[in-house]
2 protein chains.
Amino acid sequence: MGTERYATPDAETVAAVVGEALHEGAIVTAEVRCEVEYDGRTSGYLGPGDRLLVAKPDGTFLVHKPANHKPVNWMPSGGTVTADVAAASGEPVIVARRSNPRERLEVRVHETYGLTRFDAADGVEYEESGTEAEMHDYIEAHPEELEEGLRVVEHERETKYGYVDFYASDASGTPVVIEVKRVQATLTHFDQLKRYVSLYDDTGDVRGMLVAPAASERVKRACRDAGLEFVALPDFETEADGTNASLADFS
Amino acid sequence: MGTERYATPDAETVAAVVGEALHEGAIVTAEVRCEVEYDGRTSGYLGPGDRLLVAKPDGTFLVHKPANHKPVNWMPSGGTVTADVAAASGEPVIVARRSNPRERLEVRVHETYGLTRFDAADGVEYEESGTEAEMHDYIEAHPEELEEGLRVVEHERETKYGYVDFYASDASGTPVVIEVKRVQATLTHFDQLKRYVSLYDDTGDVRGMLVAPAASERVKRACRDAGLEFVALPDFETEADGTNASLADFS
DNA sequence: GTGTTTATTTCGGGG
DNA sequence: CCCCGAAGTAAACAC
């Protein structure tokens, strides 16, 4: 679509552009010197400095410092962003609010180096491969990769202690509780499997299986000690459908 | 400091400005129509659409869609961002790389609506209150809020299974392992406490206490079944020192 | 560097 | 709405 740029805009322009743009579905970015105050799940204060502000029409608001992936302050989508001119100082004040949880982010703008309205059109969704969900699909289709004769009885079985990834049955009919991880297994993952298996402690023989590409010796030992099994599934075929476009010739 | 703005810059300008600005410690933002391809921990593809790009001098790179708090694609700090003109298409291509884990993000820019260089100066750190660390301080100062006669023996006790928040002793001298959460307790928090308590299983009577503002019924039941205790600590006084500056008169 | 834990986690899925 | 668990989690901190 396109952008509209305001260089060193005055307070009234900042308030007007932010309000209109968001209302009309555009993204607003601003390079400013500002102070920030947050009050909600915690509370905090950020003294004067140069930051990049991003406001999206869905209520998302971000305050970025010159370093780090995460914004120093923010409001997730679903809230409302308003911009006004403070009566006392004559400076722009941007407030992002939200309920559940009730929280409030106030940005007092001391200097606006620049302001950009971006009418962005983007109906395309991100397509991802190699997720844990795909690993689940693969296991459901190829349970024998984990063990000869294994049969999946239920996927994502709900129990009173949470959701079991797979409830299965081995060649001799013994139930097997399976927890799947896409990354190297950790003690927390072992804990999780142990929690599920403990449900069946009194009902007799149940096996517990932790499936991951790898696990540290510590985790393997913990499994052995607890009578659980670690099964390495280092790689799994992605059920590629070949319909995804792709950028050619990586360098 | 200030900004420099380039409206609908050509490919050579994009490549040059991005390279120079990042090298000289400035933030670059760009409003573009682009495709994105990621390959690393997973892999993914984002088809053509309008996005906001943010590149920081520390190697952080963000691709934002018009909605949501989280960038649709990104590279955390520590990597390197390079910009070039693709020989085949003549279009700008921005590549962010990183090792450990090895990953790569490629943005093929089809149209550049605008490009901004922002020389930001920000030496100020964010000051936060109401964190879990402050909740620890409060409990250490007021253990009787959890239980009459409770005495803290050790804070952040290291064990072979990680750090126990508090190792305490009740009125009758029985050891109590305490896990503290600032948010509503979840099953993973229960797991964590259970893991710590299991360390002392063979040494005799040890109590396990999960402290949080609230917990779901499922978590409370898991605690009961496992012989652990949930203690609700809905609110705690912040030890305000009053030294933090603050924005006045909230509306 | 690995390992563990927190986080204003965000996000999505299911009941 | 809440509950639960994944995430390309990131970032801090200890070893």
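We name chains A, B, ... by the order of the sequence lines, and we start the count at 1 in each one. Owing to the predicted nature of the structure, the values given are computational and were not obtained by experimental measurement.
In this structure, A:E132 atom CD and D:dG5 atom P are separated by 12 Å, rounded to whole Å. Between the CD atom of A:E134 and the P atom of D:dG8 there is a distance of 12 Å, given to the nearest Å. The CD atom of B:E156 sits 9 Å away from the P atom of D:dA14 (whole-angstrom rounding). Straight-line distance from the CG atom of A:N73 to the C1' atom of D:dA11: 16 Å, rounded to whole Å. For B:M75 and D:dG8, the CE to P distance is 13 Å, given to the nearest whole Å. Across the protein-nucleic acid pair, B:L62 atom CG and D:dA10 atom P stand 12 Å apart, rounded to whole Å. Put simply, NE2 on A:H136 is 9 Å from C1' on D:dA6, counting in whole angstrom units. Going from atom OH of A:Y196 over to atom P of D:dC4 covers 10 Å, rounded to whole Å.
Taking the six-membered ring for Trp and the full ring otherwise, A:Y161 and A:Y200 have centroids separated by 6.0 Å or more. Taking the six-membered ring where the residue is Trp, the centroids of B:H136 and B:F166 are separated by under 6.0 Å.
Sorted by residue number, the members of residues 178-191 of chain A with any non-hydrogen atom under 4.0 Å from DNA chain D read A:E179, A:K181, A:R182.
The gap from the C1' atom of C:dG14 to that of D:dG8 amounts to 25 Å, rounded to the nearest Å. C:dT8 sits 22 Å from C:dT4 when the P atoms are compared, rounded to a whole Å.
Under 3.5 Å, the side chains of B:Y45 and B:E35 contain a donor-acceptor pair of N or O atoms. Under 3.5 Å, the side chains of B:H64 and A:K56 contain a donor-acceptor pair of N or O atoms. No donor-acceptor contact under 3.5 angstrom links the side chains of B:E179 and B:H189, judged on distance only.
A distance-only check finds a donor-acceptor pair linking the side chain of B:Y196 to the backbone of B:Y163 [under 3.5 Å].
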Report task. For the pair B:E134 and B:Y138, evaluate side-chain hydrogen bond (donor to acceptor under 3.5 Å, both in side chains) and give the outcome as yes or no after the intermediate values. Result -> CA-CA 6 Å; B:E134 289 190 14; B:Y138 176 76; over 6 Å; no
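For the pair B:K65 and A:D122, the salt-bridge criterion is met [side-chain N within less than 4.0 Å of a carboxylate O]. Taking a cutoff of 4.0 Å between a charged side-chain nitrogen and a carboxylate oxygen, B:R33 and B:D50 do not qualify as a salt bridge. In this structure, B:E103 pairs ionically with B:R98, as a charged nitrogen and a carboxylate oxygen lie closer than 4.0 Å.
Between the side chain of B:N100 and the base of C:dG1, no donor-acceptor pair of N or O atoms lies under 3.5 Å.
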Query raised in the report: Base, backbone or nothing for each nucleotide of nucleotides 10-15 of chain C, written B, S, -, heavy atoms under 4.0 angstrom, 5' to 3'?
Result: SS----
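Across all strands shown, A:V219 has no heavy atoms under 4.0 Å from either base or sugar-phosphate atoms. As judged by a 4.0 angstrom heavy-atom cut-off over every strand, A:R195 is placed among residues touching the sugar-phosphate backbone only. Counting non-hydrogen atoms under 4.0 angstrom, A:R102 reaches nothing in the nucleic acid. A:G162 comes within 4.0 angstrom of sugar-phosphate atoms only, judged by non-hydrogen atoms across all strands, and of no base.
When the side-chain nitrogen and oxygen atoms of B:T131 are compared with OP1 and OP2 of C:dT8, none of them lie within a distance under 4.0 Å.
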